[in-house]
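All values reported here derive from a predicted model rather than from experimental measurement. Excluded from the calculations below are hydrogen atoms, water molecules and symmetry mates; all remaining heavy atoms, backbone and side chain alike, are included. In this chain, residues are counted from 1 in sequence order.
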Amino acid sequence: MSAVKPLQPSSSTAVCTLQGSLLTLAILTLLSFTYLSLKSLHSPSLQTSTPTPTTHTVQVTQPQATSDDEDVDDEVYHSAKMFKLNYEEMERRFKVYIYPDGDPNTYYQTPRKLTGKYASEGYFFQNLRESKYVTDDPDQADLFFIPISCHKMRGKGISYENMTVIVQNYVESLMSKYPYWNRTLGVDHFFLTCHDVGVRATEGLPFLVKNSIRVVCSPSYDVGFIPHKDVALPQILQPFALPAGGNDVENRTTLGFWAGHRNSKIRVILARVWENDTELDISNNRINRATGHLVYQKRFYRTKFCICPGGSQVNSARIADSIHYGCIPVILSNYYDLPFNDILNWHKFSVILKEKDVYQLKQILKNITQEKFVKLHNNLVKVQKHFQWNSPLINHDAFHMVMYELWLRHHLKGGKVLLHVSHIYLPNPINNDNEAAPDIMGPF
């Protein structure tokens with residue numbers, strides 16, 4: 001009888017056995033790593049340790065709140081927490097290179113003056129050089145400042161046409177002399193002007209208007225203002241004639257006040273409808289100085305609501321005057337990209353109306369309760385520091401707020417990502433006609 005040979009496993013059976021073993025080993029390995037990972041989460045020694053980053057590790061440094069946190073009140077900001085954190089990041093890192101070209105005795109480098117209704121332009125020129133943000137190394141710069149002053153050109157009697165030529169020649173010389181504009185087509189460049197003529201002076205350079213950041217006192221669509229690119233500069237008439245008002249609601253017995261030139265349609269309507277009213281103090285012209293010393297300014301002190309209609313442009317120094325003297329500004333405009341409106345919640349310290357509301361103005365103001373008025377007034381006092389230029393600089397003043405706006409736009413459009421950029425609040429500007437903002441025109 002022949003012996004029975006044992007069955008030999010087929011090659012396919014051997015492969016299956018091998019695969020099963022490998023699968024079992026993989027499962028055991030996965031369970032082991034899972035166990036160790038869960039254990040490490042509860043290990044006190046590991047909770048406080050920080051691994052040394054390799055060349056491929058991305059480290060993110062969390063900005064710490066500044067010692068000035070108590071100066072930032074949650075009530076008046078869209079997000080006080082994000083403002084604090086991003087502000088400090090700006091303080092640590094932001095650098096601006098100022099082009100050195102141009103004779104300071106003509107239209108460049110230095111301000112015309114630090115007084116009057118265009119003082120904001122002069123103060124920024126001076127404050128920037130006083131600040132720690134300036135760098136002499138263009139390779140370290142986040143933004144490049146084009147230091148040409150349209151206010152100085154206006155003071156020397158330069159015509160609009162010649163202004164355009166001067167600005168064009170200056171900017172084109174910077175483009176040909178330095179490589180920085182051409183790297184980004186001007187996206188990381190900015191210029192600043194508060195005078196109305198500054199808008200007209202740049203009309204000959206569409207690439208400057210479309211690509212660079214414009215910091216202007218006239219943030220209106222009809223002059224090509226692009227909200228997410230440009231910055232609304234507060235028009236502040238300094239020095240103020242009288243000290244700041246505030247915490248004096250019991251002295252404010254007049255319901256509303258406005259006096260000024262009738263140089264816009266809304267001002268003509270405002271004066272015509274309300275100039276004879278007994279509760280609204282409305283004058284159809286500027287107050288004559290012959291009536292007494294600082295009569296105009298003193299009326300702010302005794303008024304609850306100060307009417308701020310646009311004039312020849314949408315902006316007005318009256319808004320900053322109202323804030324300084326503690327009078328709630330009533331913004332009467334269909335569209336106004338208010339200064340710092342992506343940081344400050346203007347509805348917390350002002351009243352914002354459409355131009356058509358001028359006919360119901362008194363009733364609207366009378367419908368605001370005393371409790372609501374006191375809250376608006378208290379919040380107004382909190383933001384006064386943001387609408388004041390100083391030399392030497394003071395933290396959170398107008399200069400720092402403008403720099404913060406530039407810092408936000410630098411990160412949002414310059415290809416760099418700020419740690420908290422996803423939390424930055426960039427609301428639509430005040431646009432009471434629901435008009436869509438114009439699309440940005442440029443290489444973005």
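To the nearest 0.5 Å, atoms CG (L344) and CG (N379) are separated by 10.5 Å. Going from atom CE of M163 over to atom OG1 of T193 covers 9.0 Å, rounded to the nearest 0.5 Å. To the nearest 0.5 Å, atom CE of residue M82 and atom CD1 of residue I343 are 14.0 Å apart. Rounded to the nearest 0.5 Å, atoms OH (Y107) and CD1 (I166) are 4.0 Å apart. Summarising the geometry, atom CG belonging to L332 is positioned 7.5 Å from atom CD1 belonging to I307; distances are rounded to the nearest 0.5 Å. In this structure, Y178 OH and S173 OG are separated by 8.5 Å, a value rounded to the nearest 0.5 Å.
Using a cut-off of 4.0 Å between Lys/Arg side-chain N and Asp/Glu carboxylate O, R409 and D142 are scored as not salt-bridged. Salt bridge status for K362 with E279: present, with a side-chain N to carboxylate O gap under 4.0 Å. R92 has a carboxylate O that lies under 4.0 Å from a charged side-chain N of E88, or vice versa, which qualifies the two as a salt bridge.
K95 forms no cation-pi arrangement with Y133, by the criterion of a distance under 6.0 Å to the ring centre and an angle within 45° of the ring axis.
Using the six-membered ring where Trp is involved, Y296 and F300 have ring planes that are perpendicular, over 60° apart on the 30 and 60° scheme. Aromatic ring pairs are classed by plane angle as parallel below 30°, tilted from 30° to 60° and perpendicular above 60°; the pair H386 and F83 is perpendicular.
Every residue meeting the disulfide (SG to SG under 2.5 Å) condition with C306, not counting sequence neighbours, appears here in chain and number order: C327.
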As a quick check of understanding, evaluate side chain to side chain contact (heavy atoms under 4.5 Å, CB included) for F305 and T254, giving each step before the final call. CA-CA 8 Å; F305 301 97; T254 301; over 6 Å; no
Checking E130 against S391 for the side chain to side chain donor-acceptor pair (under 3.5 Å) test, could you report, in this order, the C-alpha distance in whole Å, the side-chain angles of both residues, the deciding distance, and whether it holds? CA-CA 8 Å; E130 295 173 339; S391 184; 2.6 Å; yes
Could you go through E355 and K265, starting from their C-alpha distance and side-chain angles, then the distance that decides it, and tell me whether this counts as salt bridge (charged side-chain N to carboxylate O under 4.0 Å, His left out)? CA-CA 10 Å; E355 290 185 0; K265 180 179 178 181; over 6 Å; no
Please report the C-alpha distance between S316 and Q235 in whole Å, then the side-chain angles of each, then the deciding distance to 0.1 Å, and finally whether the side chain to side chain donor-acceptor pair (under 3.5 Å) criterion is met. CA-CA 7 Å; S316 170; Q235 185 174 3; over 6 Å; no
Pair K385, D397 - check salt bridge (charged side-chain N to carboxylate O under 4.0 Å, His left out), show working. CA-CA 5 Å; K385 61 189 175 187; D397 63 7; over 6 Å; no
Please evaluate residues S120 and W389 with respect to the criterion side chain to side chain donor-acceptor pair (under 3.5 Å), reporting the C-alpha separation (whole Å), side-chain torsions for both, the decisive distance (0.1 Å), and the verdict. CA-CA 7 Å; S120 292; W389 296 97; 3.0 Å; yes
Hey, mind stepping through K81 and D74 against side chain to side chain contact (heavy atoms under 4.5 Å, CB included) and telling me if it holds? CA-CA 8 Å; K81 178 181 178 181; D74 290 346; over 6 Å; no
Can F94 and Y404 be said to form a ring pair (Phe, Tyr, Trp, His ring centres under 6.0 Å), step by step? CA-CA 9 Å; F94 197 21; Y404 183 78; 9.7 Å; no
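Smallest separation of non-hydrogen atoms from T110 and P104: OG1-O, 3.2 Å.
The number of heavy-atom neighbours closer than 6.0 Å to CG of N367, taken from other residues, nucleotides and ligands shown, is above 12.
H78 places a side-chain N or O within 3.5 Å of a backbone atom of N341 that can act as its donor or acceptor partner. A donor-acceptor pair is defined here as one N or O able to donate and one able to accept, closer than 3.5 Å; no such pair exists between the side chain of R299 and the backbone of F257. Panel note: side chain N211, backbone G186; no donor-acceptor pair is recorded below 3.5 Å.
Two residues are said to be in side-chain contact when any heavy atoms from C-beta on lie closer than 4.5 Å; F340 and V402 meet this criterion. Contact check for V358 versus I266: side-chain heavy atoms found under the 4.5 Å cut-off.
When L270, I269, N276 are each tested for a side-chain contact (heavy atoms from CB on, under 4.5 Å) with R272, only one passes: I269. Of the candidates F145, F207, W181, W181 is the only one forming a ring-ring contact (aromatic ring centres under 6.0 Å, His included) with H189.
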